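Okay, so here's the structure we're looking at.
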Amino acid sequence: MTAPLPPPGAPLQHYVSTAPFDPYSVEAMTAGQAKVYQASQLRLMWWKFKKHRIALISGIFLLAAYLAIVVAEFLAPYNLHTRNMDFIHAPPQRVRMFHDGQLVGPFVYGRTMELDMETLRRVYSDNTADVQRLRFFCSGDPYKFWGLWEASFHLVCPAKDGQFFALGTDRLGRDVLSRIIYGARISLTIGLIGIAVSFTLGIVIGGLAGYHGGYLDLMVQRVIEVLQSIPSIPLWMALAAIMPVSWSPILVYLGITVILGLLDWTGLARAVRSKLLALREEDYVLAAQLMGAKSSRIIGRHLVPGFMSHLIASATISIPGMILGETALSFLGLGLRPPITSWGILLTEARSVSVIAFYPWLLYPMIPVILVILAFNFLGDGLRDAADPYK
Amino acid sequence: MISGADLLRIEDLSISFAMLGGQIDAVKKANLRVLPGRVTALVGESGSGKSVISQSIMRILPKVASASGRILFNDPLTGTETDILRLSQDGPDIRAIRGRRIGKIFQEPMTSLSPLHTIGDQVSEVLTIHEDMSRDERYERTIEMLRMVGFAKPERAFRMYPFELSGGMRQRAMIALALICRPALLIADEPTTALDVTIQAQILRLLKDLQQEFNMAMLLITHDLGVVANVADEVVVIYHGEVMEAGPVEDIFRRPGHPYLKGLMAAVPHFDMKPGERLKALREVPVNASHLLGVSEERQKEPGPDILLSVRDVTKSYKIRKSGFFRRPDEAPVRAVDGVSFDIRRGECLGLVGESGCGKTTVSKMLMRAVTPDSGSIVFHDRNGPVDVLEAEGDQLQKLRGKIQMVFQDPVSSLSPRMTVQNILSEPLEIHKRGTPKSRLETVSALMEVIGLNRRYLNRYPHSFSGGQRQRIGIARALALGPELLICDEPVSALDVSVQAQILNLLKDLQKDLGLTYLFISHNLAVVDYMADRIAVMCAGRIVELAPREILMRAPVHPYTKSLLAAVPFPDLDRPLDFSTLKTANASDMRNWSAPFRQDDDGHGLATADLGEGHLVLARSNADVRELRP
Amino acid sequence: MLRYILWRIAVMVPTMLLISMLVFTIIELPPGDYFESYVAELRAMGEEADMEEIEALRERYGFDQPAPIRYLHWVGGMLHGDFGYSFEYQLPVSDVVGDRLWLTVLVSFVTILVTWIIAFPIGIYSATHQYSWGDYGLTFLGLLGLAVPNFILALILMYFANIWFGTSIGHLMDQQYLNEPMSWAKARSILEHLWIPVIIIGTAGTAGMVRRLRANLLDELQKQYVVTARAKGMNPFRALVKYPLRMSLNFFISDIGSILPQIISGAEITAIVLSLETTGPMLIKALQSQDMYLAGSFLMFLAFLTVIGVLVSDIALAFLDPRIRLQGGSTK
Amino acid sequence: TLALQEPEYFKEKLADGTLPAMAERLPKVPRVVNLAAMGRKPGQYGGMVRTIIGGQKDIRLMTINGYARLVGFDEHLVLQPDILESFEQTGNRVYTFKLREGHRWSDGHPFTVDDFVYYWEDVLNNKEMRPRGLPLDLLSARKPPRFEVVDPLTVRYSWDNPNPEFLLKLASPQPLTLALPAHYMKQFHPKYADPETLAKLVKKEDTDDWTGLHINRSRTYRPENPELPTLDPWRNLIAPPAEQFIFERNPFFHRVDETGQQLPYMDKIVLNVSASGIIPAKAGAGEADLQSAGLDFADYTFLKDAEHRYPITVNLWEHTQGSRIALLPNLNCGDKVWRGLFRDVRFRRALSVAIDREEINKASFFGLARESADTILPQSPLFKPEYQHAWAQFDPDLADKLLDEAGLTGRRSDGVRLLPDGRAASLIVESAGESTLETDVLELVTDHWRQVGLALHVRTSQRDVFRSRALGGEIMISVQQGIDNGIPTPDMSPSALAPTGDEQLQWPVWGLHYLSDRQKGEAPDLPEAAELVKLMRQWKGSTSTEERTGIWGQMLSIYTQQVFSIGIVNGTLQPVVHARRMQNVPKEALYGFDPTAFLGVYLPDTFWFDRSA
Ligand SMILES: Nc1ncnc2c1ncn2[C@@H]1O[C@H](COP(=O)(O)OP(=O)(O)OP(=O)(O)O)[C@@H](O)[C@H]1O
Ligand SMILES: Nc1ncnc2c1ncn2[C@@H]1O[C@H](COP(=O)(O)OP(=O)(O)OP(=O)(O)O)[C@@H](O)[C@H]1O
Ligand SMILES: [Mg+2]
Ligand SMILES: [Mg+2]
Ligand code: NI
């Protein structure tokens, strides 16, 4: 029942609703509302996040990627170091299902290599008589799982005495696919650790400077200025010079991560600081202060969340920088060294015109980089939306 | 009178919000209309969907909202009828209407202005968009408008930033912004909540004038039934998104039909209330005060020093900027607070009233040490001895924070936009490490209950609440710690009278049960009258009069107090405001005051004169006390 | 404000001093000195070096003195415009740098400009059309640029630009214009070559700008004052530019200081791959061969640019946000 | 007599008389290069050659490739007078040089004995110029030569002790200087110049004193000073710093071909400074007309492919190094245990035979290289197959046995052997990480050595600091190329086989001892190394080729048997790109710094553009 309206311009009649009225009646909560009100904030965010399809897919993809690096040895058809001197610079092999019109299951044709002594190129051709069926959950190249346990169990292996180079081989005849899978270990972690370091520093230092202002700010600003003034390459070179050479590759890797993180926080700190300089004048900050909140709490719970979108965007944007930042180091001969590998190293190794002209499959490590970066960004989008109270 | 058409006709308007856990129907099939040149008042409980309706008229609902029904706007200039809901979201058609044909005063003026642009810029911008004017013309027009809404120095206000203005001043800037294009329809969402009664009267007058001169119609959303009685032609009463009662103002006031409306009328605080009389709220929520706030028994028993807080001679001035970026301030700084002294006794409620922009908020912030005074002292007399508020550090300060709490004038900006209500309310407890996560959740739920908000809102963010709901959240947060002194800066301005009654009763109960002390800042004199034991009147940074409630209300001495009392609107059709007297008197202008209260030319400054019975008044230092008595 | 600016400028002096110490440490840090490198290099070419001669050189350039004294000498020299001597080029540093400095500045500024010109519209578009195909598409493109390492992008662009357009490999201009004074033809040749490095260096920055601008705008677009602006009847685009965009500029402005060093750092490797006539390759080479005064001068120059950038950013920030300007000085 | 033909290039100058006619420009007896006899074709004048250098310093390639020397090698590495009309030597002690009459500097000023005198008296023996005395190359048994002007065209240098390296130094790619254009240099010398003008010049150049100025202006190896008169085939026109250097033909150059054309044929050489990384790309894009520097075997495929697109030809020349890549165990390593092992020949041999050279050859060199110890090439008259095969076979069992014998019997759980003191045997190899080739080879070697229980770690640092670190004993093993000159004749110095220099990373401390004439470093305490030093001294004192052949044989035998450096492959190939129209570029040749001076001994001044092609 609704209040009637008089025709346009006509005088208004006194209308009184006759529906029963109980001031205490509160509309009963629906089951949905009950669930929502009891939920924790994280839960709420998860619900909101779930609605973002692409973010969800990205999240699952990343999760899978991180799971994959745990069992890289198992997933990779070959060992990281396995070389095939007879299959140097072999182009990718196509996985086929049908041979002579008959379903054989996944297989590849055997390869024959000829040396073209005129151009000094290796010419590969498929030998269509040689059907090499792939094996699954099989025993193949031996490896040391996590460097600890000897094993030789693989998800997929080439036929006995056959080859399977899904993404081709490099200049030492190593399987590109396997190397990409192994490289994910470093590439997927270096970024996160680096970002964790740089974001912690950036937010804490920038936050304190921005929130407190005054002399603290002045000092912090000068430190940032000084750090920013030195282009990163000389800094890397200098830091790499300090890094003890007797370090194991793993330590070097950690060192590099930390270096990347240590050098990356300044920009963020400045952004945080200048944003906080403005935000700290808001009433809700004052309110928190008057409640007796410490600066850490004010920065962490009130100010930084207001800046979350920026932080998420910055973080997702920094990830490629971290994954690839190490390539710049490798480029200068300062980065990771074999036996460790990473996507960055794989790409650095591919840096020549001949690769682009003749062996483009060596550039395939770019694909996981792109996928991961896209995934992180969409994930970031989803997180942003989930944290956005207006959604 | 009947011009043949409604200026605005809302038919079957329903508005709902898509939220996690199901949608919220904020407005259900509402019908209402505004006649040209007439005022339709929309009254209703806090959270009943008034603001949402007003937003839908401008097509500025948030993205999550969806509206259905018809909103017909009949532009008297062109004579065409447009269904606003059919227009494209931000298309040229709707843009031509917004700001020019329909002006809107937002409920929360504090946050509705951009912090990065000057007031002048934001106000004159409307002209830039809709009128073809030169820069100078725009400036002139803006200055004039600012003056009309009560800025004493409009040129100065023109270049000020919103954060430099007091709450009332921002509201006036907002009004100026809405009116500057002389719209055919003004949607005023609680336009005078932050204004003292004299300025409120001035604004109401201005609106009336515009109404007459330009045939401006108005959709007035307000909780102040006094204002309704004074300006409205038709009234629509809305409750939970549904229209409960509608009719001409006469019918509504003289023959209220619906129990809700009757309840509203009954809940209005009035000046003739007997001591100890309670307001009749629509809903009574039983409160176990000590349990709610977790206050220890000892505190209730132990009396402590009589004076809780003493303020001596505090002064605060702000620099004035010239328009240029590089120029140094060359005018004398403005004294926002000028030599204010007073005491707050334990367990009392000290009312603080005064002109908008006179420094009330500044004073209260100084008590909290949110603003550092230029000079003066503030001492908090704790049970364990006095604490110098301005000097306290570390642990002492932390303890003090727990003992003095504040309800902010602007509820929107004082709530962290990215925290849910639950987090907001439990935060003070977390900071002071009270209780366990579970007990905190209980406390929070209980708090929600006493302020009349449903528990199901716990996981919502502040922006999704109505103005009044947010204000209550602010109150609940201030109460959470069970402070000894609660500073309330306009705590109920956004609440309808029934909820207001509920909240005021709660505060009273707490005062009674726990001996809470209040500094109660309000423009609503009836509320102050109901709450306060003593009342201080501020004007231009000074306390001009301070007296126990009865004395001040019945026998005010200071001319400013008198004019304040004279400007109170009553929710009674038989006691209309006399706009003609109000027009002439600029109540806060010292020159309009009688001689003993003016600063004279031969160097006699002003000093506080004691009239006995705790009645203090600011008068010329050589004035005779008897002379001051009326 | 004027006082603030003067004060900020005064603060730059100790900052620069501090930087100079850091720079000196960095160029001193690797073991050995230029003369070591010199011998090593001769040896790499199969040549032999006369040890006695090298000792003499060492003495001549004061390398037998302790580091602090050399530092003072170096800083003192710089103060009156003497940037030292490049061992590698056997010329005073100021002679070596030549065109490279302004070519670096050119590449950097064009890159920054292009970045902005592309990033702003796209950022605004992405924010206002969140989750549209355009948003996804542009995001994808931007991230693609970000995901491909600069040197690979450089190689690919260089290779295909040569094959398709016949652009000569690398460099900022065609060979015949090297050493030539500026002319229209030379300017054209520079423009023809400039796009490759600009794209390469710019891609990463653009994507970052777009994403961050988008994020900030998305936040601001929800604010009440935007609703107010809409209620005024403002054109949404103009409203966007005036209100939320200005708010979101905060991060952007605070970044100004670091844009230049970032661009220049990002450009170093690209410059090496493309063999650009900019300071990058020369700097890296100088660092590697420990041609310390040359490296030091470059670093100090870059540092100076950065410090100026930070100054500009600080002042711009104060311009932008009155809250910072009027209350920023206070301590909490 | 020849019918002289003027080059087109000087037409204008000849017309306006700024340049005298060719007959006057040439020495009375020019050096006539008989191209037909060399199997080449006489050419035509003209053309500009574009070439790319990896850095400004590389303009020294012009001096190297130009290869105008007082005495120089010919294609068959036989010493020939070049700038000199003739030379004589007696007992490797007395050297008499006869100049060509009428020979002129590139500015037209006569080149005479005065130029030798100036350099000897006012530069070499000037205390301010050379406070530490003469360069080592001019000393024999620490004593300087006597310098005499025999007649206006003849000078003589004579020592008391034999100095067999003297002529080799003159013929080297970085030649020993004996003369400077006195007429030009005198303006920078206080003995001749007006003190005030000189002071002004010094100030302008911002050098501390006149010596700096003099050094700056007289650089011949890096022809940076366009004003400095030269005897090279081309002279520089551009002063550094520059991104491009242009060299034009020297009108007074002393060589002619048999048809009476003055060499060089090609008028101009343009050197573009580029990052070394993109030289292959540029060469493959037809942007170089003659290019070898900056190209590597790995670029061959790309360059060959570019032949289809651009008018270029790619040839493969053979490197002259003893080993393209060699591992040098530092016998002066600071770590006692390691030092002991490195000095144990069994250990060195084990390291060597553990390497599967065939795999490396296949992977990195297409199987075209020669698996070999670090020694001389078959092209050398001194070559014997036993040097090549000495401990260069792949025999992991033997390696295991040798290692066991050397005392590395203990093994860690992962199979890595334990040192006598209980540490794991992990070798740290220093690499400059400059080329992927090095990285690849090291990666393979890592695997090979791992098979015999040795762990290898690669540490990358700047090559620049190798020497000082090796001297300080900080380096265990380093990777470098092997012996420079893999095609020696008995008359060439065998110094690379003995500890004679501190840049020899297998024994820098001993090398320093020899280099500083026993002043610094330590004497070799390994008998075989000491023996090598002894033989080296013998070679210096010997005067007959047979004796030298004998010494060479002994040294090569010791060096390879002792495996002082672990060679991997040699005879690797170097792509040399040239414009298809360019004639006289040998299809196959030897390529190396020493002794061929890269292209130098093949006389690039005789290359020419065939305009009809
Ligand atoms: N953005 C939003 N999202 C979800 N719910 C909303 C939103 N805005 C308002 N609401 C809900 O809609 C209802 C009506 O709100 P509205 O602001 O119109 O109330 P109101 O009548 O103006 O009250 P008040 O007098 O307190 O301002 C409230 O229950 C509120 O919680
Ligand atoms: N940050 C500031 N900078 C400059 N002036 C300020 C600032 N804050 C307040 N003021 C000035 O101080 C005066 C007092 O402001 P205050 O907010 O205390 O008024 P109020 O009494 O609370 O008014 P209202 O009732 O309208 O809220 C006003 O004139 C205001 O313009
Ligand atoms: Mg409202
Ligand atoms: Mg106020
Ligand atoms: Ni140094």
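Small disclaimer: the values here were computed from a predicted structure and weren't measured. Below, chains carry the letters A, B, ... as their sequence lines are ordered, and counting in each starts from 1.
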Which bit of [X] comes within less than 4.5 Å of chain A, counting heavy atoms only: side chain, backbone, both or neither?
X       : result
F298(C) : neither
M247(C) : backbone
L317(C) : side chain
D219(C) : both
S248(C) : neither
Y131(C) : side chain
L213(C) : neither
N150(C) : neither

**OP:** Give a yes or no on whether M21(C) atom CE has more than 12 heavy-atom contacts from other residues, nucleotides or ligands under 6.0 Å away.
**Re:**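 Above 12, so yes.
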Student check: side-chain heavy atoms of [X] and [Y] closer than 4.5 Å:
X       : Y       : result
Q222(C) : D388(A) : yes
V226(A) : L22(C)  : yes
Q228(A) : V310(C) : yes
D385(A) : Q130(C) : yes

What are the two closest non-hydrogen atoms of [X] and [Y], and how far apart are they?
X       : Y       : result
L155(C) : S352(A) : CD1-N, 3.5 Å
A303(C) : S229(A) : CB-CB, 3.6 Å
F160(C) : I356(A) : CE1-CG2, 4.1 Å
A278(A) : N250(C) : CB-ND2, 4.2 Å
R211(C) : I317(A) : CG-CD1, 3.5 Å

What is the distance from atom [atom1] of [X] to atom [atom2] of [Y], rounded to the nearest 0.5 Å?
X       : Y       : atom1 : atom2 : answer
I19(C)  : E225(A) : CD1   : CD    : 6.0 Å
F251(C) : L268(A) : CZ    : CG    : 11.5 Å
L218(C) : H310(A) : CG    : NE2   : 13.5 Å

Original post:
Between E282(A) and K223(C), does at least one N-O distance fall below 4.0 Å, as a salt bridge requires?
Top reply: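 Salt bridge: no.
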Subject >> Expected output: side-chain R270(A) to main-chain S254(C) donor-acceptor under 3.5 Å >> reply: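 Indeed, once roles are kept as given, a pair shorter than 3.5 Å links the two residues.
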Original post:
For Y136(C) and D381(A), does a side-chain donor sit closer than 3.5 Å to a side-chain acceptor?
Top reply: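 Looking only at side-chain atoms, D381(A) and Y136(C) do not form any donor-acceptor pair under 3.5 Å.
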